[in-house]
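This report concerns only the one structure given below.
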Amino acid sequence: MNRNDVNFTSSGERCAAWLYRPDGAQPSTPIIVMAHGLSGTRRDGLDPFAERFAAIGAAAIVFDHRGFGDSDGEQDLFEPARQLADWGAAIAFARSLPGIDPERVVTFGSSMGGGNALAAAADDRLVAAAISQVPFLDIVTQAYRPSARVAARMMVAARLGRHLPAVGQPDEAAFINAPDSEVGWRRVVANGEDSRWRDRVSARWLLGHPFRPGRLAGRLHCPWLVCVGEADQVAKPGPAIAAARRAPLGELRTYEGVDHFDIYDGPAHEALIADQLSFLRRHVWTGRSGQAAPLRDAARHADAPAT
């Protein structure tokens, strides 16, 4: 496996990415397009997933949205439609790469990135499959609800065009303030690779259309793996489970005792990876022509409980 820094443009602005290519890549290689959501960056826990995908023969692109990480654009400007446009640009770039099969592109996202992975696939009927892990799919039904006082402070910040912290405690005005979430995310960042993450996100988007990509599940054309932590305090499990069941080709896996940020290391990480590799083998390593691409064996790992 080799990893290189690459760039692509989205609405005229540069997005930074890592491109992973497997050793001995085939002339028509599938590719996984990967990102976090909100303020998360490529350096924050996604590399181990991409490395495992490359180990079985897939290419991968892990990118930073405009305004975050190593990408250009107004710093810390978050708008759901803006990030979704970056996904479209990343997919188009992936298809343009030599040696890549343009009909075997997979979207992969964590948290809000899981919602974007669903939305990007729903918008592009050439996407072969999608994977959403601990997905945040509906701000109305899935988000942790802080006190009325905290919620009011967040809306004031939105109306004034201010920024808020990405993570905080339940009594603090922050986008992710569920119990245990700040400690969990900061652990992910600390274990990452020279993280460029900033604890600052624009708030005005709260005044716009609610973030609800889960409503697209019923019209998704491709296989969709949904990996849900049963103890997720950031993104309530119920709405994600329901969305997976609405999808015509949805596959649901749940993980007992797993919270939102538990999936980046340890037994929970291995359980998700095992399910994701199995999903890719079944749905992506056979192209639309029906011809199976060569598939490498990967070492089996111990699972956490999953259903």
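Numbers here simply count residues along the sequence, with the first being 1.
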Taking all non-hydrogen atoms of both residues into account, name the closest pair between [X] and [Y] and its distance.
X      : Y      : answer
Phe8   : Ala17  : CE2-CB, 4.1 Å
Gly214 : Leu118 : CA-CD2, 3.9 Å
Asp101 : Ser28  : CB-OG, 3.1 Å
Thr29  : Gly57  : CG2-O, 3.4 Å
Ala243 : Ala217 : O-CB, 3.4 Å
Ala128 : Arg104 : CB-CA, 3.9 Å

Distance from [X] atom [atom1] to [Y] atom [atom2], nearest 0.5 Å?
X      : Y      : atom1 : atom2 : answer
Leu137 : Ile241 : CG    : CD1   : 11.0 Å
Lys236 : Thr141 : NZ    : OG1   : 8.0 Å
Phe175 : Ser181 : CZ    : OG    : 13.5 Å
Cys15  : Asn7   : SG    : CG    : 9.0 Å
Ile61  : Leu97  : CD1   : CG    : 5.0 Å
His163 : Ser39  : NE2   : OG    : 11.5 Å

For [X] and [Y], indicate whether the former's side chain and the latter's backbone hold a donor-acceptor pair under 3.5 Å.
X      : Y      : answer
Arg43  : Ser195 : no
His221 : Arg125 : yes
His36  : Gly113 : no
Ser132 : Pro135 : no
Thr41  : Gly69  : no
Asp259 : Phe261 : no
Gln142 : Pro239 : no

Item to complete: Test side-chain contact (heavy atoms from CB on, under 4.5 Å) on Asn116 and Phe211 and set out the steps.
Response: CA-CA 10 Å; Asn116 284 331; Phe211 183 80; 3.8 Å; yes
Can you find a pair of side-chain heavy atoms, one from [X] and one from [Y], that are under 4.5 Å apart?
X      : Y      : answer
Ile32  : Leu280 : yes
Gln276 : Cys227 : yes
Leu19  : Ile31  : yes
Val106 : Met34  : no
Leu249 : Leu220 : no
Ile131 : Thr107 : no
Arg95  : Val105 : yes
His260 : Gln133 : no

Practice prompt. Please determine which of Asp70, Asp72, Asp64 meets the side chain to side chain donor-acceptor pair (under 3.5 Å) test together with Arg14.
Written response: Asp72
[Y]/[X] salt bridge by N-O under 4.0 Å criterion:
X     : Y      : answer
Asp44 : Arg42  : no
Arg3  : Glu193 : yes
Glu74 : Arg82  : no

Worksheet item: Less than 6.0 Å separating the ring centroids of Phe63 and Trp87?
Response: yes
Worksheet item: Does the separation of the ring centres of His283 and Trp224 fall below 6.0 angstrom?
Response: no
In terms of hydrophobic clustering (I, L, V, M, F, W, Y; side-chain heavy atoms under 4.5 Å; direct or indirect links), are [X] and [Y] co-clustered?
X      : Y      : value
Leu216 : Met112 : no
Tyr264 : Val183 : no
Met154 : Trp205 : yes
Val150 : Leu207 : yes

Contacts table for residues 165-173: side-chain donor-acceptor under 3.5 angstrom, sequence neighbours left out:
{"from": "Gln169", "atom 1": "NE2", "to": "Glu182", "atom 2": "OE1", "distance (Å)": "2.7"}
{"from": "Glu172", "atom 1": "OE1", "to": "Gln169", "atom 2": "N", "distance (Å)": "2.8"}

Item to complete: Decide yes or no on side-chain contact (heavy atoms from CB on, under 4.5 Å) for Ile56 and Trp285, but give the supporting numbers first.
Response: CA-CA 10 Å; Ile56 64 164; Trp285 266 258; 3.7 Å; yes
Just by distance, with hydrogens left out, do [X] and [Y] show a side-chain donor and acceptor under 3.5 Å apart?
X      : Y      : result
His65  : Ser71  : no
Ser10  : Asp86  : yes
Asp5   : Trp18  : yes
Asp47  : Tyr20  : yes
Asp275 : Tyr255 : yes
Arg21  : Asn2   : no

Item to complete: In sequence, state the C-alpha distance, the side-chain angles, and the governing distance for Arg66 and Glu79, and then conclude on salt bridge (charged side-chain N to carboxylate O under 4.0 Å, His left out).
Response: CA-CA 10 Å; Arg66 284 175 290 165; Glu79 295 172 351; over 6 Å; no
Discussion item. Let's go through Val258 and Ile263 carefully: what are the C-alpha distance in whole Å and the side-chain angles of both, what is the deciding distance for side-chain contact (heavy atoms from CB on, under 4.5 Å) to 0.1 Å, and is it a yes or a no?
Written reply: CA-CA 7 Å; Val258 172; Ile263 65 168; 3.9 Å; yes
Item to complete: Determine the interplanar angle of the Phe78 and Phe68 rings, folded into 0 to 90°, and report it as parallel if under 30°, tilted if 30 to 60°, perpendicular if over 60°.
Response: perpendicular
Fill in: Chi angles and distances behind the salt bridge (charged side-chain N to carboxylate O under 4.0 Å, His left out) call for Arg282, Glu251
CA-CA 12 Å; Arg282 287 182 286 111; Glu251 296 187 19; 2.9 Å; yes
Discussion item. Can you confirm whether Arg149 is buried at CZ, in the sense that more than 12 heavy atoms of other residues, nucleotides or ligands lie under 6.0 Å from that atom?
Written reply: no
Worksheet, complete the sentence: Per salt bridge (Lys or Arg N to Asp or Glu O under 4.0 Å), Asp76 is matched among Arg196, Arg162, Arg200 by Arg200
Item to complete: If a pair satisfies ring pair (Phe, Tyr, Trp, His ring centres under 6.0 Å) and one of its residues is in residues 104-149, list it, with sequence neighbours excluded.
Response: Phe49-Phe108, Phe53-Phe108
Discussion item. Run the side-chain contact (heavy atoms from CB on, under 4.5 Å) test on Leu164 and Val201 for me, step by step, so that the C-alpha distance in whole Å, both residues' side-chain angles and the decisive distance to 0.1 Å come before the verdict.
Written reply: CA-CA 5 Å; Leu164 288 170; Val201 181; 6.0 Å; no
